[in-house]
Amino acid sequence: MSSIKIYPSKLKGDIKVPPSKSLSHRAIICAGLSDGVSDIDNLIFSNDIKATLKGMKALGTSIECIESESYEDTYCVSLRGNSNLKATNTSIDCEESGSTLRFLIPFAGLTGGRITFTGRGKLVERPLDAYYKIFDKQNIEYNNNNGKLPLKVKGRLKPGTFKIQGDVSSQFISGLMFVLPLLDGDSKIEITTKLESKGYVDLTIDVLNKFGIEIENRSYKEFYIKGNQKYRNRYYRVEGDFSQAAFWIVAGILGGDIRCKDLYTNSLQGDKAILEIVQRMGAKLEIREDDIEINKSETLGTVIDASQCPDLVPILAVLAALSDGTTRIINAERLRIKESDRLKAISTELNKIGGKVKELEDGLIIEGKKDLKGGTVDSWNDHRIAMALAVASIKCTEPLIITGSHAVKKSYPDFWKDFIKMGGKIDEQYVG
């Protein structure tokens with residue numbers, strides 16, 4: 001297992017924020033369903049994005065990769081889509097990507113052929129009951145390994161009314177939204193409980209619209225989807241990712257002046273909430289049209305409702321652990337079924353290095369301190385835990401060793417390179 005030893009130091013400078021992983025998944029899928037060639041610009045080949053590209057290729061999409069002219073270390077991918085999927089006995093390896101798995105499962109209902117979905121890590125046991133209920137209702141054949149992957153699906157999805165809980169994962173809603181417009185008939189998605197992660201549904205509807213698909217949003221309680229629609233190929237540039245920018249924003253608050261480039265303040269990304277949350281805690285930000293400047297700030301504890309921005313919790317827990325007063329993170333129970341049990345992971349690791357974090361069933365109570373002591377922590381094979389702990393090293397009094405540092409490859413393969421570029425001091429003998 002790879003490990004990294006970080007010596008405490010302030011980070012500062014300009015950082016080009018990686019492209020949004022959420023938007024990248026959606027654009028690749030929409031391009032893959034469009035007849036003709038679409039160019040998706042400003043991609044990075046994280047493990048999750050590679051899984052979706054391979055999945056679309058298995059479904060009949062032709063993919064060509066060329067280096068992007070807009071920024072170094074990003075790529076433009078040309079996809080020749082295929083609106084008439086005819087995959088039979090196809091296997092899709094989703095690796096550890098929940099988005100890939102939950103977005104592509106409904107595609108089995110388009111092809112009518114048997115598709116096997118495999119994965120690894122925690123993904124193997126991530127719940128898929130929302131789809132199983134639909135399959136049971138529509139007599140679609142499926143089987144799994146005692147509720148775990150691999151999952152085999154065979155049968156055609158029929159238009160109609162689809163009931164989905166809103167407090168489990170918005171990925172099930174998005175997965176249906178990609179496929180239902182192509183069915184021979186109109187459909188409705190009814191949300192049976194309060195919808196969490198609305199921002200991710202907004203992203204899906206927006207990207208679909210850009211590729212020619214219309215979804216009618218009826219106050220997030222029901223989504224009406226006309227059948228027999230057609231995806232239109234196009235050029236699409238992926239904007240910077242607020243989920244990843246959050247790590248650099250907190251790094252700037254804790255240690256020095258950082259400017260995050262390629263962030264659009266009119267973005268629909270739900271994790272844009274990072275700006276409002278840290279400002280409420282007292283952070284000094286200068287927000288411009290496409291970049292954000294962060295200055296070292298003294299921050300105060302607050303109450304953070306994680307229902308609409310669960311991916312921000314690990315890094316906000318770090319900020320809270322180093323803010324004056326008490327922070328309560330609420331409505332965060334869904335974090336227990338992410339790449340790790342993120343409530344347990346971040347509380348356990350912060351407490352190892354002197355934090356004062358109490359784990360609740362659906363959240364955290366965090367008492368802030370001036371600094372942390374350093375030591376050895378583990379990523380729990382979770383990219384967001386690894387990156388959050390790296391940022392915590394800024395305020396450690398001793399070096400911090402992170403085991404499982406390779407986990408960042410899931411979403412941000414150049415994180416450690418960027419960390420060093422921004423002034424991070426890493427003992428190279430520990431880099432695996």
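From a predicted model like this one, the values you see are computed outputs, not experimental measurements.
Side-chain contact, T204 with S174: a donor N or O sits under 3.5 Å from an acceptor N or O. Side-chain contact of S307 with N331: a donor-acceptor pair under 3.5 Å is absent, judged by distance alone. In this model, a donor atom of one side chain and an acceptor atom of the other lie less than 3.5 Å apart for S411 and Q244. Counting only N and O atoms by type, the side chains of N233 and Y235 include no donor and acceptor under 3.5 Å apart. Looking at D378 and T403, their side chains do bring a donor and an acceptor atom within 3.5 Å of each other. N217 and K198 share no donor-acceptor pair across their side chains, judged by distance under 3.5 Å alone. No side-chain donor from either of T61 and N82 sits under 3.5 Å from a side-chain acceptor of the other. Inspection of the Y412 and D241 side chains reveals no N or O donor paired with an N or O acceptor under 3.5 Å.
With F419 as the partner, the side chain to side chain contact (heavy atoms under 4.5 Å, CB included) test is satisfied by one option alone out of I426, V408, D414, I15: I426. The side chain to side chain contact (heavy atoms under 4.5 Å, CB included) test with S46 singles out one residue from P19, S24, S97, P413, and that residue is P413.
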Inset, instruction - With salt bridge (charged side-chain N to carboxylate O under 4.0 Å, His left out) as the test, would you mind laying out the steps for D291 and K261 before giving the verdict? - result: CA-CA 4 Å; D291 66 36; K261 298 159 63 178; over 6 Å; no
Inset, instruction - Show the numbers, then the answer: is there a side chain to side chain contact (heavy atoms under 4.5 Å, CB included) between Y200 and S99? - result: CA-CA 11 Å; Y200 290 103; S99 294; over 6 Å; no
Legend entry - Verdict with supporting geometry, W416 and I402, side chain to side chain contact (heavy atoms under 4.5 Å, CB included): CA-CA 12 Å; W416 298 118; I402 303 175; 4.0 Å; yes
Inset, instruction - Assess whether side chain to side chain contact (heavy atoms under 4.5 Å, CB included) is satisfied between I49 and I28, documenting all intermediate values. - result: CA-CA 9 Å; I49 296 306; I28 290 166; 3.7 Å; yes
Inset, instruction - Apply the test side chain to side chain contact (heavy atoms under 4.5 Å, CB included) to residues N144 and Y132: give CA-CA distance (whole Å), side-chain angles for both, the deciding distance (0.1 Å), then the verdict. - result: CA-CA 10 Å; N144 54 42; Y132 296 156; 3.1 Å; yes
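More than 12 non-hydrogen atoms from other residues, nucleotides or ligands lie less than 6.0 angstrom from NZ of K352. Q138 CD: more than 12 foreign heavy atoms inside a 6.0 Å radius. Dense packing is recorded around CZ of R234, with more than 12 heavy atoms of other residues, nucleotides or ligands lying under 6.0 Å away.
Looking at L149 and N145, their side chains never come closer than 4.5 Å, going by heavy atoms from C-beta outward. Counting heavy atoms from C-beta on, the side chains of V77 and F45 come closer than 4.5 Å. Proximity of T327 to L364: side-chain heavy atoms (C-beta onward) are nowhere separated by under 4.5 Å. By the 4.5 Å heavy-atom criterion applied to side chains, K133 and D136 are not counted as neighbours.
No salt bridge links E96 with K409; every basic N to acidic carboxylate O contact stays at or beyond 4.0 Å. Looking at R288 and E293, a side-chain N of the basic residue comes within less than 4.0 Å of a carboxylate O on the acidic one, giving a salt bridge. Taking 4.0 Å as the cut-off between side-chain N and carboxylate O, K54 and E95 count as a salt-bridged pair. A salt bridge between R334 and D167 is absent, with no side-chain N of the basic residue lying under 4.0 Å from a carboxylate O of the acidic one.
Taking CG of L372 as the start and CD of E349 as the end, the distance is 12.5 Å to the nearest 0.5 Å. Separating the CZ atom in F117 from the CD1 atom in I92 is a distance of 4.5 Å, to the nearest 0.5 Å. Rounding to the nearest 0.5 angstrom, the gap separating the OG1 atom in T348 from the CH2 atom in W380 is 4.5 Å. To the nearest 0.5 Å, atoms CZ (R280) and CD1 (I277) are separated by 6.0 Å. Separating the CG atom in D341 from the OG atom in S347 is a distance of 8.0 Å, to the nearest 0.5 Å.
Partners of K122 by salt bridge (charged side-chain N to carboxylate O under 4.0 Å, His left out), not counting sequence neighbours, listed by chain and number: E125.
Using the six-membered ring where Trp is involved, F172 and Y131 have ring planes that are perpendicular, over 60° apart on the 30 and 60° scheme.
A salt bridge (Lys or Arg N to Asp or Glu O under 4.0 Å) check over residues 143-161, counting only residues at least two apart or in different chains, returns nothing. Residues in residues 181-194 take part in these salt bridge (Lys or Arg N to Asp or Glu O under 4.0 Å) pairs, two or more places apart or across chains: K163-E190, K188-E190, K188-E222.
No donor-acceptor pair closer than 3.5 Å links the side chain of R102 to the backbone N or O of G175. Side-chain atoms of Q165 never come within 3.5 Å of backbone atoms of T193 as a donor-acceptor pair (strictly under, hydrogens ignored). In this structure a side-chain-to-backbone donor-acceptor pair under 3.5 Å is missing from S219 to K221. Panel note: side chain K272, backbone S267; a donor-acceptor pair is recorded below 3.5 Å.
Heavy-atom minimum distance, I44 versus P18: CD1-CB, 3.9 Å. The two residues Y231 and M177 make their nearest non-hydrogen contact at OH-O, 4.2 Å.
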